[in-house]
Peer 1: 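Questions regarding the structure given below will be posed in turn.
These numbers come from a predicted model, not from an experiment. We count residues from 1, following the sequence as given.
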Amino acid sequence: MAKNRQPNGASSIYLGKDGRWHGRVTVGVKDDGTPDRRHISRKTRAEATKAVRELERQRDSTGVRKAGQTWTVTTWLTHWVENIAAPNVGENTIDGYRVAVYHHLIPGLGAHRLEKLEPEHLERFYQKMRANGSAAGTAHQAHRTVNTALNEAVRRRHLTTNPASIAKAPKLEEEEVEPYSLEEVQRLLAEATKVRNTARWVIALALGLRQGEVLGLKWEDVDFEVGVILVRRGRLRPRYKHGCGNRCGRKPGYCPQKINIRRETKDTKTRAGKRPIGVPEELLKLLRQHKEKQERERTLARDLWVDKGYVFTSPTGEPLNPNTDFHRWKDLLKAAQVRDGRLHDARHTAATVLLTLGVPDAVVDRIMGWEPGKSARMRCRYQHLTGPVLQQTAAKVGGLLWGSTPHQFSSTPGGPVPDLSQGPILAGPEVYVACLGERYVPFLHHEHAQAVVSQWGADRPGKPAHVEEWDRPQWEHEGPGGIRAIRDRLPDRRRIHHAHAVFLPGGERLNIGCDEQWSVLAWEFETVLYTDLPVRWHTTRRPGQEVEVQVRGTDKDAVRAAYAEACAQAVDRSRNPVRYGDAVGR
């Protein structure tokens, strides 16, 4: 009678000549095509059977670790960061990975065998990092890096499970950023007029471009005729190697013959990042002046000038180093006597100004370069509820509940929201104040104040109006609005026609207690909400889920026609919020 045999590939358990029970399990195929048979050895048959069944369970569920090289944490992380991650991620990303791997993970965990690494090892490592003075963000970056690296090890079957996905990540509490107030912005802009590359700081504070986006701008991206800047690339931090054969004994970045081994710029990371941005006329003037100054620098530099077309350069035409740019920002804060902050806080400030001015969300997303799927989260992160925003909201609530006119509120203690497009307020010994009844309007130039007094008298016969000369310190401390209210140009006197309505969820019109259509002289308010276009309109979903219609323009008939179209969209938006990307229920 033939002896029973197990089929090919089946597991086997047998008693060896050494007196131990052995098991062999086929878990796959080796690289050379032969069966991958794993061996286990135990003292008793029961123990061997249990081990065989466990190995079979792993094979059939998560998979068994690949045979071959025995990895340590050091060898795997080094292989992963240099051979897997480096060719496939951006320059800034790989810099972060290398810092986490070489400065933190390898010194702290490198001696572990990869398959023996446990979640508890990682959690104790994070605690040691924090105890040794590392910030929570640094520990969290190390966790994200090791999690990404070990996920790749699982995918390649060097591990069966990822211990980093089980370990509790370091707690990361995101600090609330305090944007700079409009008065602080004005002080920074005034100080920026005294330094080189003035327009660079105006762009950061008024338009909110990222550091890399500003430093990567070229003159071909600036359209002076249309008044638009096209953002399409970002400046990369340089990475150097020795040009002296490492004979100088310094770090590569300080080598007298250092060589940059990284490209200067890269395209924007997302499609949303490549965007046109409208530029205020005052900023365009600054850019024209900046271009003239750069031409003079080119003449002085002569043969040393490197013509690469960048808007902001060193005195020899090279693109600005982001590290140098950061230190110039810190110098600007000190000179303006403004509290310390990150350069990226200027972006938070610009986003908050857009919130204060009531710019529609879709326009904010385009200006800031946020992707549609992430824009709501980014607005929540970057737009902060400052005093003016809260005052506007309170005024709207009052208009809704008590019937006051919601369009007649002051967004700051000294008057309407100052227009950042006015440009920096230059220092001067006097302020010329147009006294219009009980209202005081300050100007830098006497002729502007006198022109407003004349306009006031023509519009309101018999009403008293005159010009007074104040000392600047007197106005800044006693005048309504302080330095923020000082104007360096004549206000717009066109008549702006308005139309306004609010609709409840479901499409019902809400009685807001004020006329739905009216007109007013633009110069009485002077905010960017007042347009020089024939008509502009938008619908906005309020926090309470009502949909608000705002139509304004210089052409009364065009405003009336657009109002009907805007109301129709508002009714549809109130009934179908998902169609418009509104997050109902926030």
Side-chain angles (χ1 to χ4, degrees), residues 90 92 177 179-180 184-185 188-189 192 195-224 226-237 264-288 290-291 294 309-313 319-330 332-333 341-357 359 362-371 374-375 378-379 381-384 420-421 423-424 528:
N92 293 334
V177 175
Y180 290 108
E184 289 172 321
V185 170
L188 286 168
L189 294 179
V195 300
R196 188 172 176 272
N197 290 327
T198 299
R200 185 264 175 274
W201 308 115
V202 180
I203 288 176
L205 290 162
L207 303 182
L209 269 65
R210 302 172 179 90
Q211 183 193 38
E213 293 173 341
V214 177
L215 301 187
L217 283 175
K218 294 190 175 184
W219 287 115
E220 65 193 43
D221 305 322
V222 182
D223 191 329
F224 288 104
V226 180
V228 165
I229 286 176
L230 178 59
V231 178
R232 48 186 170 188
R233 73 182 70 80
R235 174 80 164 100
L236 290 171
R237 291 184 177 274
E264 291 177 349
T265 63
K266 68 171 184 177
D267 290 343
T268 56
K269 187 161 57 175
T270 63
R271 290 181 60 188
K274 185 174 290 186
R275 63 201 187 275
I277 299 178
V279 183
E281 180 58 36
E282 288 72 16
L283 179 51
L284 286 174
K285 292 178 182 176
L286 284 176
L287 285 170
R288 290 189 184 98
H290 175 73
K291 193 170 187 179
Q294 192 179 87
Y310 288 99
V311 174
F312 302 108
T313 68
L320 289 179
N321 187 312
N323 188 49
T324 303
D325 181 68
F326 168 79
H327 289 295
R328 295 293 80 78
W329 165 255
K330 293 294 186 179
L332 184 66
L333 293 177
R342 306 171 309 164
L343 178 53
H344 202 67
D345 290 352
R347 183 166 167 81
H348 285 258
T349 300
T352 303
V353 168
L354 295 176
L355 174 65
T356 304
L357 297 176
V359 177
V363 179
V364 172
D365 297 343
R366 290 284 291 172
I367 293 175
M368 302 302 291
W370 293 328
E371 293 182 85
K374 301 178 181 178
S375 56
M378 298 303 289
R379 284 195 301 272
R381 180 179 176 184
Y382 277 81
Q383 293 187 318
H384 306 272
L420 282 183
S421 66
V528 297

Peer 1: Below 4.5 Å, heavy atoms only, C-beta onward: do Asn321 and Phe326 meet side chain to side chain?
Peer 2: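 They are not in side-chain contact.
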Peer 1: Can you name the nearest heavy-atom pair linking Pro276 to Val228, along with the distance?
Peer 2: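 Minimum heavy-atom separation between Pro276 and Val228: CB-CG1, 3.7 Å.
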Peer 1: Calculate, to the nearest 0.5 Å, the distance between atoms CD1 and CD1 belonging to Ile229 and Ile203 respectively.
Peer 2: 4.0 Å
Peer 1: Between atom CG of Leu215 and atom CG of Leu236, what is the distance when rounded to the nearest 0.5 Å?
Peer 2: 11.0 Å
Peer 1: Rounded to the nearest 0.5 Å, what's the gap from CG on Leu332 to CG on Leu189? Could you check?
Peer 2: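 Rounded to the nearest 0.5 Å, the CG-CG separation comes out at 8.5 Å.
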Peer 1: Counting C-beta onward and ignoring hydrogens, is there a side-chain heavy-atom pair between Phe224 and Leu287 closer than 4.5 Å?
Peer 2: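 Yes, side chains in contact.
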Peer 1: If we ignore hydrogens and angles and just use 3.5 Å, is the side chain of Lys330 paired with the main-chain N or O of Gly341 as donor and acceptor?
Peer 2: yes
Peer 1: Using every non-hydrogen atom in the two residues, find where Trp329 and Leu188 come nearest and quote the distance to one decimal.
Peer 2: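 Where Trp329 meets Leu188 most closely, the heavy atoms are CH2-CD1, 4.2 Å.
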Peer 1: Any side-chain heavy-atom pair from Leu230 and Asp223 closer than 4.5 angstrom?
Peer 2: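 No - every pair of side-chain heavy atoms lies 4.5 Å or more apart.
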Peer 1: Checking His290 against Asn197 for the side chain to side chain contact (heavy atoms under 4.5 Å, CB included) test, could you report, in this order, the C-alpha distance in whole Å, the side-chain angles of both residues, the deciding distance, and whether it holds?
Peer 2: CA-CA 7 Å; His290 175 73; Asn197 290 327; 2.9 Å; yes
Peer 1: Could you tell me whether the side chain of Val279 reaches within less than 4.5 Å of the side chain of Val222, counting heavy atoms only?
Peer 2: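 Not in contact.
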Peer 1: Do Gln211 and Arg200 touch side chain to side chain, with heavy atoms closer than 4.5 Å?
Peer 2: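 Of all side-chain heavy-atom pairs linking Arg200 with Gln211, at least one is under 4.5 Å.
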Peer 1: If you define the side chain from C-beta out and look only at heavy atoms, does anything of Asp221 sit under 4.5 Å from Lys218?
Peer 2: yes
Peer 1: Less than 4.0 Å between a side-chain N and a carboxylate O, is that true for Arg233 and Glu264?
Peer 2: no
Peer 1: Does Asp325 pair with Arg235 as a salt bridge, N-O distance under 4.0 Å?
Peer 2: no
Peer 1: For a 4.5 angstrom cut-off between non-hydrogen side-chain atoms, does Val214 reach Trp201?
Peer 2: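 No - every pair of side-chain heavy atoms lies 4.5 Å or more apart.
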Peer 1: Go through the steps to decide whether Thr324 and Arg328 satisfy the test side chain to side chain contact (heavy atoms under 4.5 Å, CB included), and finish with yes or no.
Peer 2: CA-CA 6 Å; Thr324 303; Arg328 295 293 80 78; 3.4 Å; yes
Peer 1: Minimum heavy-atom separation for Leu207 and Pro280, please, with both atom names.
Peer 2: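 For Leu207 and Pro280, the tightest heavy-atom pair comes out as CD2-CD, 4.2 Å.
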Peer 1: With the side chain counted from C-beta on, respond yes when Asn323 and Arg237 share a heavy-atom pair under 4.5 Å apart, and no when they do not.
Peer 2: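 Asn323 reaches Arg237 side chain to side chain.
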